[in-house]
Student: 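Structure provided below as structure tokens; questions to follow.
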Amino acid sequence: MHDKIAETGPVRLFLHDERETPLDFVQHLLRTVFGKSEREGIALAAQIWDEGGISCGPYPAPVARALLDAANELIRSDDHPLRITAEPAEAVRPCALCDGQKPVTDIFIDGGTVCLCTECMLSVRSSSEDVPSDEFRYAFTALEWHFAGMRHQIVTRSRQFPGHMRADVQIAIDRLFTEPLHFFGLHEASRYETVDFAALMMGGRNTPAIAPPQYHDVDIGEGEPVKCLVNGLWLCCSGDLRYAVLLTFHREYGRESGLRIELAVPTGAAGSNFAKRIFAELEAAVDGARSYRGKILSLDGDADYRGRSRGVTVHRLATVERDAVILPDRTLRLLERNVLDFVGSRDLLRKLGQSTRKGILLYGPPGTGKTHTIRYLATNLPGHTTLIITAEQVGMLGAYMSLARLLQPSMVVIEDVDLIARSREQMDGPCEESLLNKLLNEMDGLKEDCDILFVLTTNRPEELEGALAGRPGRIDQAIEVPLPDEIGRRKLIRLYGKDLPLQPPIIDEAVRRTAGVSAAFIKELMRRLAQTSIVRDDGNEVTTGDIDTAVNEMLFDGGRLNAKLLGGAQGMSAG
């Protein structure tokens, strides 16, 4: 190449850039010095960025000299590193498309170099539909191309959804944006810096690069997980209106990541109305997807052992039949009247202006079957979503309740509620009281009335805060889940020992020896009888000696702590 221009003959000018010159300046130079239109400037600047330079011309020598002087003066005045060189060129070459004898520019298409005149180059580049995706290396070049001549007439609007709703958001997006002009994944250089259109449309060293789309498999409790996109950029067209959609994660340390959808549209009423319609359709699609409706859920931000990101954990529980719920008949009828019959009456209650919320408290000693009873309700409530909140997750109560309202009718289960709802006099500080107030407000119906059933469990009902336990509208019915009586123990022995060779005298002896113990104790006793029988004669017989050995180990040989751990403390004191 030669920096000096010959006195005669055609000359080509080469613009070289190492991505250190702002893209806006390159476009300005092409328009003011080389006489390019705004669209031509965008197309050529994108080519310079992608390929590291372009050639312009050929020009007559005097014209080339004037252009070079003017360009270098502008470059020096703005103190940019853009470099322009010149070299002699052959006579005017034909355009590869129109075959016209015109000044041409070398550009890359499909891995090769072709010569196109300005008109044909713009014809190829002006329509994003005709440009292969691999033509773009950076998001800003794709956006410059998509919004050619409109960069300063673009506005954006956004919506943010909780991260645990990403499966429903993905399903909604798949329905709405089925035929984009182009779709790209993005490389995020910083994990905790949310990518938005403002960042995508800036050139420079840290501009986001186009990358293969990345997906996470999200378990929704069905045969196949949902493939959820990590981030993505859609370039779309609706009639004459061009728009772009950006999906990214908004991350804050210590908080659940949010899923952010940003829409870029032209300014004006048409773009504004289009954005409103798209977001309305998106929200309706998210609301209608309901991937988790009717399932048993808990919130969980960790990945499981297969590496699948969950956000929401789906618990696959076998249906618990009524015969497997070993409670006194009076207790079981009370439970079903206040839960199953109440749910069946909701429509009529609503017509009569009555609330369709309800609060139930299950209380009793450890191991009596409160969790088992909840499983019975969860697997027998038609169309209900069950949300299980452990005590350490009560800080996420707001997220749980949002999900409960979205997926209603729902049952919200809070286990060991005394850990966060004990008497205010026993609390250690304002944080605990804040959690209690949040729970009271949710149960009191300060927000819109919904078809939500609260089921709370506790082993220590006497420690509950009076504002929770002593006010109808929060807890409407307390139900004791007692230690099993003689009839209950006989049913439990038959239930948990159904495959053991238990003769009637053995069952009678087991019922007698287990007075005062919990259902959990009897379940463990049946397992020990099976072990003892297997060791002696491969499980062909259970004897009273087996019962003596197992009961002594569980109640006496291990001391009071062992008896308490196994749910036999009452039986030990009774014995």
Side-chain angles (χ1 to χ4, degrees), residues 318-336 362-377 379-380 457-461 478-575:
T319 300
V320 177
E321 302 296 339
R322 189 177 190 274
D323 291 345
V325 182
I326 311 301
L327 293 173
D329 288 342
R330 178 181 175 185
T331 302
L332 186 55
R333 288 196 301 270
L334 181 64
L335 178 73
E336 292 178 335
L362 300 181
Y363 70 95
T368 53
K370 296 183 288 296
T371 299
H372 185 71
T373 301
I374 288 171
R375 290 182 178 181
Y376 165 64
L377 297 176
T379 56
N380 287 276
T457 72
T458 181
N459 299 331
R460 297 180 289 272
I479 300 176
E480 182 182 11
V481 182
L483 293 169
D485 57 15
E486 181 177 335
I487 295 175
R489 295 198 303 277
R490 189 175 297 276
K491 290 181 179 179
L492 288 166
I493 290 167
R494 286 175 174 160
L495 175 67
Y496 294 127
K498 61 182 177 180
D499 294 325
L500 294 177
L502 297 177
Q503 300 299 320
I506 299 300
I507 294 176
D508 293 340
E509 179 65 12
V511 170
R512 186 184 69 80
R513 295 292 303 273
T514 53
V517 304
S518 68
F521 183 96
I522 294 175
K523 185 176 182 180
E524 174 61 17
L525 175 62
M526 293 301 103
R527 185 173 72 163
R528 296 197 183 204
L529 291 180
Q531 287 179 269
T532 304
S533 176
I534 289 170
V535 170
R536 188 185 58 255
D537 61 359
D538 295 329
N540 293 316
E541 183 183 16
V542 175
T543 67
T544 55
D546 297 335
I547 297 177
D548 289 338
T549 300
V551 170
N552 286 334
E553 285 182 354
M554 296 172 70
L555 285 181
F556 305 110
D557 295 350
R560 291 185 176 275
L561 177 59
N562 186 69
K564 184 175 182 180
L565 291 173
L566 297 177
Q570 295 292 331
M572 186 175 185
S573 60

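Counting begins at 1 with the first residue of the sequence. Everything quoted here is computed from the prediction, not taken from an experiment.
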Student: Looking only at heavy atoms, what is the nearest atom pair of Ala519 and Thr368, with distance?
Tutor: CB-O, 4.1 Å
Student: List in chain and number order the residues that pass side chain to side chain contact (heavy atoms under 4.5 Å, CB included) with Asp538, two or more places apart in sequence or in another chain; answer none if no residue qualifies.
Tutor: Asn540
Student: To the nearest 0.5 Å, tell me how far Leu362 CG sits from Glu480 CD.
Tutor: 11.0 Å
Student: How close do Val320 and Tyr376 get, counting heavy atoms only, and between which atoms?
Tutor: O-CD1, 3.4 Å
Student: Applying salt bridge (Lys or Arg N to Asp or Glu O under 4.0 Å), name anything that partners Asp537, two or more places apart in sequence or on another chain.
Tutor: none
Student: Go through Arg536 and Thr543 one step at a time and tell me if the side-chain contact (heavy atoms from CB on, under 4.5 Å) criterion holds.
Tutor: CA-CA 10 Å; Arg536 188 185 58 255; Thr543 67; 3.9 Å; yes
Student: Please give me the minimum heavy-atom distance between Gly367 and Ser518, naming the atom from each residue.
Tutor: O-CB, 3.4 Å
Student: For residues 489-507, which side-chain N or O atoms pair as donor and acceptor with protein atoms under 3.5 Å away, sequence neighbours left out?
Tutor:
from	atom 1	to	atom 2	distance (Å)
Arg489	NE	Val511	O	3.1
Arg489	NE	Thr514	OG1	3.4
Arg489	NH1	Pro484	O	3.4
Arg489	NH2	Val511	O	3.2
Arg490	NH1	Asp508	OD1	2.8
Arg490	NH2	Asp508	OD1	3.3

Student: If you take all heavy atoms of Leu483 and Val517, which pair is closest and at what distance?
Tutor: CD2-O, 3.7 Å
Student: With no hydrogens and no angle check, is any side-chain donor or acceptor of Ser533 less than 3.5 Å from a backbone partner on Leu529?
Tutor: no
Student: Going by salt bridge (Lys or Arg N to Asp or Glu O under 4.0 Å), name the residues that satisfy it together with Arg460, two or more places apart in sequence or in a different chain.
Tutor: Asp418, Glu463
Student: The criterion is side chain to side chain contact (heavy atoms under 4.5 Å, CB included); which residues satisfy it with Arg527, sequence neighbours excluded?
Tutor: Glu524, Gln531
Student: I'd like a table of donor-acceptor pairs (distance under 3.5 Å, sequence neighbours excluded) in which one partner is a side-chain atom from residues 322-330, with atom names and distances.
Tutor:
from	atom 1	to	atom 2	distance (Å)
Arg322	NE	Glu336	OE1	3.4
Arg322	NE	Glu336	OE2	2.7
Arg322	NH2	Glu336	OE1	3.1

Student: Which atoms form the tightest heavy-atom contact between Thr458 and Lys370, and what is the distance?
Tutor: O-CE, 3.7 Å
